[in-house]
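Step one of this worksheet: look at the structure below.
Nothing here was measured: the structure is a model prediction, and the numbers come from that model. As a basis for the values below, the full set of heavy atoms in this structure was taken, side chains included, without hydrogen atoms, waters or symmetry mates.
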Amino acid sequence: MIGHLTAVWRFRHFLMALVRLDLRLRYRRSVIGVGWSLLNPIAMTAVFTVVFSNLLGSGAWDYAPSLLTGMAVWGFLKEAATAGSRALIANESYIRQSPLPYTLYPLRTVFGQAIHTAIALVVVVGLLMILQQSARPLLMLPAVAPGLALAFLAAWAVATIAAFVNVYFQDTQHLLEVAAQIGFFLTPIIYPRAVLDKQGLYWVVDLNPVNLFLDLIRAPLLTGEPPTAALLGTAAAVTVGLGLLAAGTTDWLQKRVVFHL
């Protein structure tokens, strides 16, 4: 794993050039530009707030920040996995011409998604400061930083694994899309965890790794309480496990993957 990280660091300037290129191509000739990255989570938040806030017995202004934060974190992890699964296939021309580390290409996708998520979280912090009439959400950002870092590393690892698997079995990207649709409703994003607990489905949340990162990022912003050491330790263990699996997958398949592109 250290070797992969060192190799990526050596080519960090090329990586940043690719990320800037992606952003320019995505928003070329767009008036709103990067602001379009907020349109989907804000629109979905508005719709779900109107529909579910009364059903769940919470006020719209209490429900909206929680939902928008959940949508931002979920959108980042989901897009990192689904778009990351196409990273090697999409960068075939670079792979055939340059001996760059393969993990660079999934990281390109994850970095782009991280920028959009950061913008959404800035909106969340601003909204919470207005609603609470306090700077507490801004002061909680240092407590959220470890969760953001772990979510980024976990997303990179998942994107790397999915990218290699997708080269050999290209239905992977479609299966991930279907799994994401199912996983969205099995993750406490549009409803609190208590809804599943009452139905005896607490194990669904406990086995869902996405919920770890939701708790690390969303809870401190909404409640003002930093994450517990146990929660951080569990998320760190999951992230390290995914990282080791991604490093092992890369070592195992990187010498043959070019013949399958």
Side-chain angles (χ1 to χ4, degrees), residues 1-5 8 66 69-85 87 102-103 105-111 113-114 117-118 120-121 140-166 172-173 175-189 192-193 196-197 201-223 225-253:
M1 185 187 299
I2 299 300
H4 291 299
L5 293 175
V8 169
S66 173
T69 310
M71 293 288 292
V73 175
W74 169 263
F76 167 66
L77 296 173
K78 179 250 186 185
E79 289 298 324
T82 55
S85 68
Y102 286 96
T103 49
Y105 303 112
L107 184 57
R108 172 187 183 178
T109 301
V110 174
F111 253 118
Q113 296 302 325
T117 301
L121 291 178
M140 290 306 298
L141 288 180
V144 175
L148 292 173
L150 290 173
F152 181 88
L153 293 174
W156 181 19
V158 171
T160 301
I161 297 168
F164 276 99
V165 173
N166 194 46
T172 300
Q173 55 189 324
L175 291 174
L176 286 173
E177 292 282 356
V178 174
Q181 293 179 5
I182 298 172
F184 177 78
F185 293 100
L186 295 179
T187 305
I189 299 172
R193 172 177 178 150
L196 288 178
D197 289 344
L201 297 175
Y202 57 88
W203 56 271
V204 173
V205 181
D206 292 338
L207 294 177
N208 188 348
V210 175
N211 192 56
L212 285 173
F213 303 107
L214 273 177
D215 288 343
L216 285 174
I217 298 170
R218 181 167 61 179
L221 291 176
L222 298 179
T223 65
E225 298 180 1
T228 63
L231 183 62
L232 279 170
T234 303
V238 170
T239 302
V240 170
L242 289 172
L244 291 173
L245 183 59
T249 301
T250 303
D251 286 337
W252 179 34
L253 299 176

Which residues pass the side-chain contact (heavy atoms from CB on, under 4.5 Å) test with [X], not counting sequence neighbours?
{"X": "Gln113", "answer": "Arg26, Phe76, Glu79, His116"}
{"X": "Leu207", "answer": "Trp203"}
{"X": "Ala180", "answer": "Trp74, Lys78"}

Which heavy atom of [X] sits nearest a heavy atom of [Y], and at what distance?
{"X": "Ser85", "Y": "Gln173", "answer": "OG-CB, 3.5 Å"}
{"X": "Met71", "Y": "Ile189", "answer": "N-CG2, 4.0 Å"}
{"X": "Val238", "Y": "Pro209", "answer": "CG1-CB, 4.5 Å"}
{"X": "Thr109", "Y": "Ala87", "answer": "OG1-CB, 4.2 Å"}
{"X": "Ala163", "Y": "Gly84", "answer": "CB-O, 3.3 Å"}
{"X": "Ala162", "Y": "Ala81", "answer": "CB-O, 4.0 Å"}

By side-chain hydrogen bond (donor to acceptor under 3.5 Å, both in side chains), Asp215 pairs with (sequence neighbours left out) Asn211
Non-neighbouring partners of Thr187 that pass side-chain hydrogen bond (donor to acceptor under 3.5 Å, both in side chains), sequence neighbours left out
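Here the qualifying residues are Asn208.
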Using side-chain heavy atoms (C-beta onward) and a distance below 4.5 Å, is [X] in contact with [Y]?
{"X": "Leu148", "Y": "Leu121", "value": "yes"}
{"X": "Met140", "Y": "Leu222", "value": "no"}
{"X": "Trp252", "Y": "Phe164", "value": "no"}

Would you mind writing out the side-chain donor-acceptor pairs for residues 151-160 within the sub-3.5 Å range, not counting sequence neighbours?
from, atom 1, to, atom 2, distance (Å)
Trp156, NE1, Thr103, O, 3.1
Thr160, OG1, Trp156, O, 2.8

Show which side-chain atoms of residues 228-237 pair as donor or acceptor with protein atoms under 3.5 Å away, not counting sequence neighbours.
from, atom 1, to, atom 2, distance (Å)
Thr228, OG1, Leu231, N, 3.2
Thr234, OG1, Ala230, O, 2.9

Per the side-chain contact (heavy atoms from CB on, under 4.5 Å) rule, which among Asp251, Thr250, Thr249 passes with Leu253?
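Single side-chain contact (heavy atoms from CB on, under 4.5 Å) partner of Leu253 among Asp251, Thr250, Thr249: Thr249.
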Please enumerate all residues that pass salt bridge (charged side-chain N to carboxylate O under 4.0 Å, His left out) together with Arg108, with sequence neighbours excluded.
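Result, salt bridge (charged side-chain N to carboxylate O under 4.0 Å, His left out) vs Arg108: Asp22.
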Of all pairs that satisfy salt bridge (charged side-chain N to carboxylate O under 4.0 Å, His left out), the ones with a partner from [range], not counting sequence neighbours:
{"range": "residues 226-242", "result": "none"}
{"range": "residues 179-189", "result": "none"}
{"range": "residues 147-165", "result": "none"}

Does any pair with a residue in residues 204-223 pass ring-ring contact (aromatic ring centres under 6.0 Å, His included), and if so which ones, sequence neighbours excluded?
none
Got a second to check how far Thr82's OG1 is from Leu175's CG, nearest 0.5 Å?
12.5 Å
